[in-house]
Amino acid sequence: LRVNHVWGGHFPQLVEMMAAFKTGSWEGVQVQLGRLQGFIPNSYREHLDFVREMPAFPEGEICVRPVGSLTRSTTSHLHGLSRRATRGDSLELTEMHEEDIGHLYDTTEILQALETLRVTSNKLILLGRVFLSHGPFFHMKSGTVLDVVSKLYERALSTNDWYSIRLGASMLNKTVDSLAPSITSILVVNRQVCLGVFGQGEYIITEPLPPAEIQTILFNSVRPKDMAAAVLQQELVIFLGGIITSDPHLLRGMLRVRLGWIMQAMKMELDHVDGELSLYALAPSAIKQLLCVVLNSHEQEHERTWLQRRQREGALNRVPENFYSNVYKVLSQTPGGIGLYNHHLPQNPLIQNMQPQEITFAIRVEEMLSDAKRPEYRQLVVELLTVLAALVDRNPEVTFVKTLRLEELVQRAVEIFLEDHGKPLPADEKSADEALMAFAGTCPHSKPAGTSVYLVRSVVVCLLHNAVELDCSRCAIS
């Protein structure tokens, strides 16, 4: 405890909380007291080295919420976190939007603009562009890029300006010491870690790496595409490393922990809660809370549209139970293999050399699914493969002769959906996107026909176009 925790109007709440700790329970959470040295060997600790000092709790409020105590009130709690993140910064937020810097990429224009800008984060955004174009030691009027960034970073730390802190920490090459152990914690439970920016490629980590190599990936691959993401993804790795140990069920169905895609899921959730707040502006405590909300997706299902559900599940790269073994069933009945855009999953030698439950086979399936560039589309492909597995289960005599082109089956399902609703077929890319979004926003089991029915009808059309063979020796009349 620090002095600022004791002083102020929240002291009675602090005393009440500590008294509750002695009883062994606080707000439904079990509490165990003991000596620090007794807890350290079996506890998970987190520390963000690029932050000099974590901010004190706001006046009148103490927020302690372990991952395991998430309830359906968590989303409303995020509203409080979003308000807290912007409290006292409304003037700067207004000025940030008033200062139009989106068009500034010419170095001369940037240097001129830096002399008049007031908002720290806008200055750091422009300095980031100079940093990427000319390097950290490019000389300006007030010193090198690093000199100016260091001063702005210190100012951001004193005001808890988290967007600016992350921008500055990225250019200053600051990394978390415990990053490598956290990644290893995820890898040892048969997960892969992917560092990168959503929609712009990623680096897949399949084995433990030394800290220097992780730092190289972050600052050579992630930072040029998204300056602040190179730091935020470090925070997420630390939090996920703790979650995989304490609450592994939150990562169920996620073979690949894709940081860029998880960030996309968090941004979508944040838009649902507060459309004006940036993910990068949240304090680390709010980032962790938001991450837990996103991973605990089943708690908010009744509050989301089907499009939002599919976007979230797709962004998390989450698949249903027994999904990979179901894909194995479909592949075993498809001599031509399964294809999705540029990726092909061949029947042989995969079926000959691998078993349905092998992690190696699951990785091959994920490699194919990575060709889906949008979360809701990926989720529709997962649902399609589940439908195909059910068809093969009920009709073992069916063999798909040609390559199963998943993108064609989804497209045909969307076209049947449009025809049933009296809408014209897409004439351009924009109308095709709108049609897909409308289809993805439909309940799988809605009346008179949900997306599952349309996917089945698409597969039936495939059957009728001589893409299958029937093994009569396996047919029977009952």
Side-chain angles (χ1 to χ4, degrees), residues 47-53 92 95-96 99-180 183 195-198 200-203 205 209-238 259-260 263 278-281 284:
H47 174 66
L48 303 179
D49 303 285
F50 57 84
V51 179
R52 182 177 56 196
E53 181 176 335
E92 176 151 333
E95 291 178 341
M96 182 177 178
E99 294 180 346
D100 182 15
I101 61 171
H103 65 288
L104 294 175
Y105 284 92
D106 178 76
T107 302
T108 302
E109 294 179 353
I110 288 176
L111 296 180
Q112 291 174 350
L114 285 171
E115 296 181 6
T116 59
L117 290 176
R118 299 182 302 276
V119 181
T120 303
S121 57
N122 282 345
K123 291 181 180 180
L124 285 164
I125 290 171
L126 292 185
L127 285 167
R129 294 172 186 173
V130 177
F131 179 96
L132 293 175
S133 299
H134 302 285
F137 303 108
F138 179 78
H139 280 275
M140 305 186 301
K141 190 174 182 179
S142 51
T144 66
V145 172
L146 277 190
D147 292 336
V148 180
V149 169
S150 296
K151 293 176 183 177
L152 293 174
Y153 175 72
E154 290 297 321
R155 181 192 303 175
L157 284 172
S158 66
T159 59
N160 294 332
D161 178 356
W162 291 103
Y163 187 18
S164 298
I165 289 172
R166 292 181 175 108
L167 288 169
S170 181
M171 284 182 273
L172 295 172
N173 286 354
K174 292 188 177 290
T175 53
V176 181
D177 287 341
S178 52
L179 198 59
I183 288 178
L195 302 176
V197 177
F198 175 77
Q200 299 188 52
E202 57 195 357
Y203 187 97
I205 300 176
L209 297 177
E213 192 167 342
I214 298 171
Q215 184 180 30
T216 299
I217 296 169
L218 285 168
F219 294 132
N220 289 1
S221 300
V222 179
R223 182 171 63 187
K225 300 168 185 173
D226 189 333
M227 186 70 70
V231 171
L232 182 57
Q233 290 193 11
Q234 295 182 51
E235 300 172 53
L236 293 178
V237 166
I238 298 298
L259 276 300
M263 284 174 56
S278 166
L279 178 65
Y280 297 130

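- Residues Ser164 and Leu124 approach most closely at O-CD1, 3.4 Å, considering heavy atoms.
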### Message
Pair Leu195, Leu218 - check side chain to side chain contact (heavy atoms under 4.5 Å, CB included), show working.
### Response
CA-CA 7 Å; Leu195 302 176; Leu218 285 168; 4.1 Å; yes
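- Lys151 is not listed as a side-chain neighbour of Val148, based on a closest heavy-atom distance of 4.5 Å or more.
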### Task
Go through the steps to decide whether Val231 and Trp162 satisfy the test side chain to side chain contact (heavy atoms under 4.5 Å, CB included), and finish with yes or no.
CA-CA 11 Å; Val231 171; Trp162 291 103; over 6 Å; no
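- Here the side chains of Ile238 and Ser178 are in contact, with some heavy-atom distance below 4.5 Å.
- Nearest heavy-atom pair, Ala229 versus Tyr280, reported as atom, atom and distance to 0.1 Å: CB-OH, 3.6 Å.
- A donor-acceptor pair is defined here as one N or O able to donate and one able to accept, closer than 3.5 Å; no such pair exists between the side chain of Ser133 and the backbone of Val130.
- Between the side chain of Gln215 and the backbone N or O of Asn173, at least one donor-acceptor pair lies under 3.5 Å.
- What you find for Ser121 and Asp161 is that their closest heavy atoms are N-OD2, 4.4 Å.
- At a threshold of 4.5 Å between non-hydrogen side-chain atoms, the residues Gln200 and Asp226 do not count as touching.
- Interatomic distance, CG of Asn122 versus CD1 of Ile101, reported as 4.0 Å (0.5 Å rounding).
- To the nearest 0.5 Å, atoms CG (Leu117) and CG (Leu126) are separated by 5.5 Å.
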### Task
Report the C-alpha separation of Leu259 and Glu202 in whole Å, then their side-chain angles, then the decisive distance to 0.1 Å, and conclude whether the side chain to side chain contact (heavy atoms under 4.5 Å, CB included) test is met.
CA-CA 9 Å; Leu259 276 300; Glu202 57 195 357; over 6 Å; no
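- Contact check for Val237 versus Val176: no side-chain heavy atoms found under the 4.5 Å cut-off.
- Between Leu152 and Thr120, the closest heavy-atom pair is O-CG2, 4.0 Å.
- From Arg223, atom CZ reaches atom CG of Leu132 across 7.0 Å, with rounding to the nearest 0.5 Å.
- In this structure, NZ on Lys123 lies 9.0 Å from OG1 on Thr116, to the nearest 0.5 angstrom.
- Put simply, the side chain of Ser170 never gets that close to the backbone of Leu167: no donor and acceptor are under 3.5 Å apart.
- Taking the side chain to side chain contact (heavy atoms under 4.5 Å, CB included) definition, one finds that Thr144 meets it with His139, Leu146, Asp147, sequence neighbours left out.
- In this structure, Leu104 and Ala113 approach most closely via the heavy-atom pair CD1-CB, 3.6 Å.
- In terms of modelled atom types and a separation under 3.5 Å, the side chain of Gln234 and the main chain of Ala230 share a donor-acceptor contact.
- Side-chain contact between Val145 and His134 is absent, with no heavy-atom pair separated by less than 4.5 Å.
- Judged purely by distance below 3.5 Å, without hydrogens or angles, the side chains of Tyr203 and Asn220 never pair a donor atom with an acceptor atom.
- Residues satisfying the side chain to side chain donor-acceptor pair (under 3.5 Å) test with Asp106, not counting sequence neighbours, are none.
- Considering CE of Met171 and CZ of Phe219, their distance stands at 11.0 Å, rounded to 0.5 Å.
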### Task
Output, in order, the C-alpha distance, side-chain angles, deciding distance and verdict of side chain to side chain contact (heavy atoms under 4.5 Å, CB included) for Thr175 and Ile214.
CA-CA 9 Å; Thr175 53; Ile214 298 171; over 6 Å; no
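- Contact check for Phe131 versus Val149: no side-chain heavy atoms found under the 4.5 Å cut-off.
- Arg166 and Leu232 make their closest contact through NE-CD1, 3.9 Å (heavy atoms, listed as atom of the first residue, atom of the second, distance).
- Put simply, the side chain of Met140 reaches to within 4.5 Å of the side chain of Leu127, judged on heavy atoms.
- The structure places CD of Glu154 at 10.0 Å from CD1 of Ile165, a figure rounded to the nearest 0.5 Å.
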